[in-house]
There are 2 protein chains.
Amino acid sequence: MPKRADLSDTFCPVGRSAELLGDRAVLLILRDLFFGRRRFEAIAANTGLGPQLVSARLKLMEKQGVVERHAYQERPPRHEYRLTAKGKDLFDVLYAMRNWAERWAYEAGEAASGPAMRYIHRACGADVGTSTICPECGEVLRYGDLKGEPSAALKAEQAAKGA
Amino acid sequence: MPKRADLSDTFCPVGRSAELLGDRAVLLILRDLFFGRRRFEAIAANTGLGPQLVSARLKLMEKQGVVERHAYQERPPRHEYRLTAKGKDLFDVLYAMRNWAERWAYEAGEAASGPAMRYIHRACGADVGTSTICPECGEVLRYGDLKGEPSAALKAEQAAKGA
DNA sequence: GATAGTAACTATGATAATCATAGTGACAAG
DNA sequence: CTTGTCACTATGATTATCATAGTTACTATC
């Protein structure tokens, strides 16, 4: 393909987000970062993306200011990637994607066994289901407010990928 | 590239969403549909995407059940694309992307002139800013609840594209 | 009634992004 | 001194994307 069209100078906010978020690899890496997977190899293994794609996207995300590269030891040199405040603020987007998928992206048979991932509101202990705000206490859900419990199927899948 | 990895059978809900939403063209087309642009040529012009990309993505979106192709006249045959309930339910995702971009994706100079797009809550008349729920009446914002007013710069940009 | 116009596409070729696989550098452990 | 781990980089085949041009089915204008 020719170089993909640049959207970073559009005035439309959705266009600007799409410049970064309209990319499968970026979304998958963000998901892993939100789940606490910070090491390069762990992200590559869980996402199933090749190392040069992970490398390229992490560099891009660092340039965009959503992740920070951080050395967690000197000898041998080892790095991890952390979400910045700008990155953590993408929680709403990822959470909305999760909610939509839980509502629409599973077949009847799959859905019967409950959501792929249950989320509990730490503040009040309620199962939030797929709502934007907590159905029990009515609070807006933010980064860190939820405790996730993957279904057995999801747990098995992740284990199979060695992540 | 080789065929891109298929995520439609992951158990992870974000992965399933990423299968559809991790694509610049899909996001831009969805944006246009949410703004009421339903005709093929209008979407192609405003997104700046080539006709075969728009065609391919609309077919995909139709297959996924987020849009419906609808003939609005017989002679000559003319079609438009409409969001289905499943498509309209993506509002939360697009709105979260918009909010994030308004908060983070503009330079100081650009941001000074206010948001690229102002949204008013129809029910109470309040400017919602970049919040998930209405800052005045506290209600969760859904598809159709908001009235958007593009900034002068955004209006000029769209006019220049002939949309 | 021949030319121009519009909407909704399809066809073609050049370019570039992606995947799979293999390899590298820096060290630690056995 | 061979094996192992982490964090990558290099290479080559494949395929998606973009830009441009062309097609189909009509209506409207000269």
Side-chain angles (χ1 to χ4, degrees), chain A residues 1-8 10 15 18-29 32-33 37-63 67-82 161-163, chain B residues 1-7 10 15 18-29 32-33 36-63 67-82 161-163:
Chain A
M1 358 160 160
K3 191 171 18 188
R4 61 193 197 181
D6 184 29
L7 300 171
S8 58
T10 322
E19 177 72 24
L20 178 68
L21 300 176
D23 183 292
R24 303 152 63 81
V26 168
L27 292 176
L28 294 178
I29 292 171
D32 277 24
L33 290 169
R37 248 175 235 113
R38 293 202 265 253
R39 294 190 349 275
F40 187 96
E41 289 291 309
I43 293 170
N46 189 253
T47 56
L49 302 168
Q52 73 286 53
L53 227 201
V54 176
S55 174
R57 288 303 182 276
L58 283 171
K59 278 196 179 74
L60 172 69
M61 291 161 77
E62 199 186 352
K63 201 170 134 200
V67 300
E68 270 174 357
R69 193 178 130 116
H70 184 84
Y72 65 88
Q73 70 177 38
E74 296 278 319
R75 336 193 51 78
R78 291 285 182 273
H79 303 283
E80 63 176 24
Y81 292 87
R82 295 180 185 171
K161 285 186 287 196
Chain B
M1 359 164 164
K3 190 170 20 186
R4 63 194 195 180
D6 183 28
L7 299 171
T10 321
E19 177 74 24
L20 178 67
L21 301 175
D23 183 294
R24 305 152 64 78
V26 168
L27 292 175
L28 295 177
I29 292 170
D32 277 24
L33 289 169
R37 248 175 235 114
R38 293 202 264 253
R39 295 192 346 277
F40 186 97
E41 288 290 310
I43 292 170
N46 189 253
T47 57
L49 301 168
Q52 72 287 53
L53 228 199
V54 176
S55 174
R57 288 304 183 274
L58 283 171
K59 279 195 178 75
L60 172 68
M61 291 161 77
E62 199 185 354
K63 203 171 133 200
V67 301
E68 270 174 356
R69 194 178 131 116
H70 184 85
Y72 65 88
Q73 70 177 35
E74 297 276 320
R75 334 195 54 76
R78 290 286 182 272
H79 304 283
E80 62 177 23
Y81 293 87
R82 294 179 185 171
K161 286 186 286 196

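Letters go in sequence order (proteins before strands), and every chain restarts at 1.
- One atom, CG of B:D23, and another, C1' of C:dT18, lie 14 Å apart when rounded to the nearest Å.
- Residue A:L49 contributes atom CG, which lies 16 Å from atom P of D:dA7 at whole-angstrom precision.
- Contacts of A:R24 with the nucleic acid, taken as non-hydrogen atoms under 4.0 Å apart, are absent.
- Between A:R78 atom CZ and D:dC6 atom C1' the separation is 4 Å, expressed in whole Å.
- An OP1 or OP2 oxygen of C:dA7 is reached within less than 4.0 angstrom by no side-chain nitrogen or oxygen of B:Y81.
- Following rounding to the nearest Å, A:I29 (CD1) and C:dT18 (P) show an atom-to-atom distance of 11 Å.
- Phosphate proximity of D:dA7 to A:S55: absent, as no side-chain N or O sits under 4.0 Å from OP1 or OP2.
- With C:dA8, C:dA26, D:dA25 as the candidates, the nucleotide lying closest to the side chain of B:P77 is D:dA25.
- Taking 4.0 angstrom as the limit, B:K59 places none of its side-chain polar atoms (N or O) nearer than this to OP1 or OP2 of C:dA8.
- For A:P76, the side-chain atoms get nearest to C:dA28 when compared with the rest of C:dA28, D:dT27, D:dA7.
- When the P atom of C:dA7 is taken as reference, atom NE2 of B:H70 falls 18 Å away, rounded to whole Å.
- Between the A:T47 side chain and the A:I43 main chain, a donor and an acceptor come within less than 3.5 Å of each other.
- In this structure, CG of A:L7 is placed 14 Å from P of D:dT17, rounded to the nearest angstrom.
- Two residues are said to be in side-chain contact when any heavy atoms from C-beta on lie closer than 4.5 Å; A:I29 and A:V67 fail this criterion.
- Contact check for A:M61 versus A:L33: side-chain heavy atoms found under the 4.5 Å cut-off.
- A residue-by-residue look at B:G50 and A:Y72 shows that A:Y72 has its nearest nucleotide of DNA chain D further toward the 5' end.
- Comparing A:P51 and B:F40 against DNA chain C, the residue whose closest nucleotide sits nearer the 5' end is B:F40.
- Of the options B:R82, B:H79, B:E80, a side-chain contact (heavy atoms from CB on, under 4.5 Å) to B:R69 is made by B:H79 and by none of the others.
- Of the side-chain N and O atoms in A:R57, one or more sit less than 4.0 angstrom from OP1 or OP2 of C:dT18.
- With rounding to whole Å, A:R69 atom CZ is found 10 Å from D:dA7 atom P.
- Regarding A:E19, its CD atom lies at a distance of 12 Å from the P atom of C:dA17, rounded to whole Å.
- Residue B:H79 has its side chain nearest to C:dC9 when only C:dC9, C:dA7, D:dA7 are considered.
- Not counting sequence neighbours, the partners of A:R24 by the salt bridge (charged side-chain N to carboxylate O under 4.0 Å, His left out) test are B:E19.
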